[in-house]
Structure formats: structure tokens, C-alpha cells
Amino acid sequence: MGNRAGGRRSGPKCVAIVGPFASGKSTLLEAILARTGAIPRQNPINSGSTIADHSAEAKAHAMSIEATVATTEFMGDSITFIDCPGSIEFAFEAEPVLAGCDVAVVVAEADEKKIPALQLVMRKLDELGVPRILFLNKIDKNAAAVRDTLKLLQPTSSTPLLLRQIPLRKEGLVIGSIDLALERAYIYREYAESEITEIPTDEKARELEARFSMLETLADHDDQLMEQLLEEIEPPKDEIFDDLAADLREGLVTPVLIGTAEKGNGVMRLLKAIRHDAPDIESTVKRLGVKSGAGTVVQVMKSIHTPHGGKLSVSRILTGSVADSVELFGPGGNAVKISGIYKLVGASQQKVPSAKAGDTVALGKLDDARTGDTLTNPKSGMARLIDLNPPQPVFSFALRPKERKDEVKMSAAIGRLADEDPSLALAHNQDTGETILSGHGEMHLRVVREKLEGRNQIPIDSHVPAIPYRETIKKSVTQRGRHKKQSGGHGQFGDVVLEIKPLPRGTGFQFSETITGGVVPRNYIPSVEAGVRDFLKHGPLGFPMVDVAVNLSDGSYHTVDSSDMAFQMAAKIAMKEGTASCAPVVLEPIMKVEIFTPSEATARITALVPQRRGQILGYDARPNWPGWDVVEVTMPQSTIGDLIIELRSATSGVASYRATFDHMAELTGRLADEAINTAGKAA
Ligand SMILES: Nc1nc2c(ncn2[C@@H]2O[C@H](COP(=O)(O)OP(=O)(O)OP(=O)(O)O)[C@@H](O)[C@H]2O)c(=O)[nH]1
Ligand SMILES: [Mg+2]
């Protein structure tokens, strides 16, 4: 003990603030900035004047919708905090941030309903190997014993939750805390540093017990401490501090601090833990696998398109340093030139001349750099240190500008929004001509729409995307089609006999011919096929036709009046008349869907499936996700549109799904009529 990685590390740090929705992350950021003097006072959250709710959209919804970056100074060290949104719909925002930060502060509260969301956050930290401190917030309204709360939260954490402080209560209200390492009591003062006092005598026994359990956890990774505990020798305080720091840095434990962000309580202790115990850039560089001698390496954590100043790339300088006008090189060796380096406190920017390893700054005008990129100097470039894969979108809508003149403006604006948010997906539906925007929930997309209409001034029409229905036939027919016109000079003549037959599902379209004796000259056969294909784009019910075989079996021609066009027309006439009597039916796309859910909700989820005309194929434990299941179903695409809303409401927000196209199936009755009517109206 004592010779582990302990001891304070100076130098700039980068801290991600994460946790379940509405746990108080932005409130904590505001409290930290006020306490460290970066802002004059702590404004109440949702007042519209906090650092985190600087965007109109965040204000409107009283929730964070993107990461807020703020650099402050604490006891001479620079610390950048990045407050990430808690909503599952904006969860991807945190990933590139976590990739480049030293430590995460997980803001949690004693609320059973938020445990599944906390579990997702903790898993992400495990996946990325980010050490974490848990800040148990809202201690003011927590009547339960902290130790009971930790028992509730422990299953979400892969490492032991190590309680570092216990609350000090008076008449049931929390009035301060006892620090178990320092063995000191603190009385909270609103928006100010706590006052140190003696540990009250009647709290002594409780303190000793909690302290012992903290030491026991530390002793799991320190044999000497274990011996001291067994022999009832009081371990030196310094060595306890060393262990606390080393265990956090090595990711062996999750220290737990308590507080009330809303009143600024517990903030000082948290800042000190970050300053003294949290890992710094050295550990992060190791975690990301940056080799020594790599020169300057920069990780892009977030991209912002500012209204006037162009693009800003919030970046962590991992090694080396950057100065204004310097060139950096992207993954493919493409060059980007820094134009302006800024320290951010929310929306406010302060220009700085340079930045060094450990600093988190916004680099100006790196137009070709993407969030998650690793940029280097030397020129050789470097593959991304971390692969960020946004999950498959689960919610879509189709959109178009209300006024045609805005089309170009809209696509440029969407391009910028997608650059800021890599979890947005944009597609063009060729069937319907719609632009389809996909994301992670109703709110996620609503915010995109608000940004288009608000800051970009583009009025938008949006609607549920059309389902790509198809149609086919159930009966065969042989049909003649004749096109004959004798108007003035040149006439037109084409005559074909088509055998139209249904094909098995998924076969598509097949064309053949069995012409003998040249009744249709060879050079016109491709025209017949072209006419058939053109007809298939719009079958008798209004949808593209599939799974149809057409054989050209007979026909006739005219040496002067026959032409390409005339044979195309004849084929279309035959198809039109023929398919109408072939019992046409609507086909709808059926998806294979994997639904991921906490096991306790599996029964509720499976009950939803038949209501959406789905079929359960089976369910199983989700691999590597203890306590979770994966339910496999097939479900019509038309009933998946808002599936995520129901899944989330059945699972405190955490269930998700992944869908892939499986097959087309016949749609009958009222639903088929509805599909036909809608298609008819849209056409
Ligand atoms: N009682 C109590 N309420 C708090 C405390 N901290 C925050 N809150 C309240 O919790 C709510 C959410 O606070 P935010 O700071 O917006 O939470 P958040 O985690 O940033 O929320 P998202 O970013 O949207 O996930 C607000 O109504 C706060 O007033 C606290 O210490 N005690
Ligand atoms: Mg927030």
C-alpha cells in the first residue's frame, strides 16, 4: 500500500457527466460552474438561464438534448465538464464524449424506476472502459438509508459501489455529510462550501460501521490493508487516500459521493475527488491505445455548427499540442486546418492561442472532421481510436419543406444537423419520393424538426412514412393486347398475346417469350418487355407488382405501322386488361424484429406482439446481458412505426429493437382496402 498509483495528478482533466434522465446532471454542472467561479451564481434548472439550457429546444422541453461543454478551473487545475443528456433518445451523444474523457461522474438518485436506465449507462462505461464516480444526488429528498439505496443500485454496477460519505441527518432532514476517509463531518450551506464540524457522538457508531465496510472493499485490492483490518490496526489515512485514488483509476471500484446539486451541496467534495483521485490524460491515452511517439493526437468528441462562426469540433488533445492555423490529418490522411481555438463555457467561447495534451477545446472550421474522428499530426493520419456505431434508428418520419423554394436550404440544414448528430439517419424512398429522417424516438425527431423550423427558418411538413406495399396476382390469364391507330400519315400497330402467371413469393419478375414463325419480329420483343415492366411500376391496385411471370406467346405486326412504341403500348394494354382479372392482392413487408428487454418485462412485451399482428418466434436470454431477454418476432412494417413508444413505456424506457426485412405477405380485408385508398390519394 502507498506505492500504488496514488498521489495527486495535476494537469487538465475531462469529465463526462452522465446518468439517467432528469437525475440532476445539468443542475450539477451549474452548481460546479458557480462554485468554481466560471459563472457568477447557480441558476435554477429550467429557468432558461443555466449554462446547459442555452438552446431554445432544450428550454422548450426542459431536458438536455445535447452535450454541454464547460471548462472551469479548480484550485489551479483546468477541468472540462461535459454534461450529457440522460434521455435514451439522445443517448448516443455521450459516446464520443466518453471515448475521450478521463472519468465519468454518474449522477443517480434513489428512484427504482430509473434503475434500468442507470444499468444502460453503466454498461456503456464498462464497454468503453471509463472509470466512474457515482454522485448520489437529491439526497435532500431521500428518506431511505443511503446504504439501502446502494443495495438497490449495486446490481447495475460491475464494480463494487464504495460508499465514501454518509448523510448527516437532523429530525429526518439531511443537513450535511460525514466523509469516511477524512473522518470529518460537514454541515451543508446553500450555494456555499460546507462547514467542517466534529462528528456528532451519536453518529460515531454509524460512521465507524460504514467506514469499516469502505475499508473492507479497499482491502480486496490491498493485502496489507487486509492484514491491518484483521489485526485491528488503524491504517494510516494517507494510505487509504492512495488506495481510493488507485482503485478508481484502475476501475476496480465505483466511489459513491452524495449531495444535493440543487443547493450546491456535496459539490466541493466531488471536485476534490476529481482533482485528487480521478485519472487524467495519461490513463486515457493508455486506455485508448495511443502509442508513444505518435506526435499530436486529437480526438473529436462533438461537432457544433454555430449560427455565425462556422463549425466547431470539440476535441480532446490526447498527446502533443495544437496551435491556431496548424494542420491536422484525418483517418484517410485528409488535411484539415485549425482556424481558431476556443475554451467553451456552454454557448460562450473564449479564444485561446493553443492547447496542450489533456485540454478539451473547440477547434474552429475543421469542416471535414467528423465526431469520433482521430486527427493527427504527422501527416500519416491514424485510424479512429474508437469505433462508434450508432444503434439502428427506431423511429422515422417523412418530411418536405412547405415551400418548394426551401428544398436546397432544407437539405443543407439537415446535412449540418446530421453532422452534429451521427445517430440521425437520412434516406430517400424511391417508391414514394419521400425524404425519410430516422432517429431514436419521437422527441429526437421532433427536436430536429424544431431546429429546422426555428434556427433555420424552414417551415416543414412531416408525416408518417409510407409503407412500401407491393401487389401481385393469384390467378393466371392469357390476354391479347392490340394497339392500332390510323390517324393521318403513319399509323401505329402492335399486337401481342401475353400469358400472365403468379410466381412464388420473393421471385420478383420474369419475362420470357415463345414466339415462333416471327409473328412478333425479334427486334420488337425488348419493346414488349419494356412495356410490361413499365406497367408493373403501377399495378391495378396502385402498387409496384412483383412475383409475376409474363410470357409473350403470340402476336402480329404490320410492316409499315409497327414500331417500338406501338409494341410497348400493346403490352401495356394486355397487362392492364389481364391483371385486372388475375385476382390482384396487396403485399405488405414483414420484418424480423429482435426486441431487447429486461427479463421482468418479457411477458408484457410478448403480450404486445399479437396486438400488432406480430408472431413470436421465440425468446431467449440476451447474450452477455444478465437480466435481459431477446424476443424474436415477425411483425408487419406498418405496425412497427410506433412500436418503440410502447416498448419503452413497458420497460421504464430501456427496451429497444432491431428490425430487418424478412418477407412480403398478403394483406387482406379492411387493412388492404385502407392501404389501397391511401395509395390512391397519394398518387
Ligand atoms: N430535490 C432535488 N431535486 C433536484 C436536485 N437536483 C436536480 N433536481 C431536479 O431534478 C430535475 C432534473 O434536473 P436536471 O438538472 O435538468 O436533470 P438532468 O439529469 O440534467 O436531466 P436530463 O439532462 O434531461 O437527463 C429538475 O427538476 C431539478 O430541479 C436535487 O439535488 N434535489
Ligand atoms: Mg441535463
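Heavy atoms only: backbone and side chains are in, while hydrogens, waters and symmetry mates are out. Numbers here simply count residues along the sequence, with the first being 1. When a ligand or atom number is given, it counts from 1 through the structure's own listing order.
Backbone and side-chain nitrogen or oxygen atoms of Phe21 are examined, and none is located within less than 3.5 angstrom of a nitrogen or oxygen of ligand 1. Taking distance alone, with nitrogen or oxygen atoms compared against 3.5 Å, Ala261 approaches ligand 1 more closely than that limit. Considering backbone and side-chain N/O of Asp140, one or more are found under 3.5 Å from N/O of ligand 1. Here's the thing with Gly24: one of its N/O atoms is less than 3.5 angstrom from an N/O atom of ligand 1. Considering backbone and side-chain atoms together, Asp83 places no N or O closer than 3.5 Å to any N or O of ligand 1.
Residue contacts with ligand 1, taken as heavy atom pairs separated by less than 4.0 Å, involve Lys141 solely via side-chain atoms from C-beta onward. Residue contacts with ligand 1, taken as heavy atom pairs separated by less than 4.0 Å, involve Thr260 via backbone and side-chain atoms alike.
Here the rule is salt bridge (Lys or Arg N to Asp or Glu O under 4.0 Å) with Glu57, and of Lys451, Arg449, Arg455 only Arg455 fits it. A salt bridge (Lys or Arg N to Asp or Glu O under 4.0 Å) with Asp179 holds for exactly one of Arg269, Lys272, Arg184; it is Arg269.
Residue contact check: Ser23 has heavy atoms under 4.0 Å from atoms 17 (O), 18 (P), 19 (O) of ligand 1.
Vertex the Mg ion (ligand 2); arms to Ser26 atom OG and Ser64 atom OG; angle 90° (nearest 10°).
The Mg ion (ligand 2) lies at 2.8 Å or more from every N, O or S atom belonging to Thr68.
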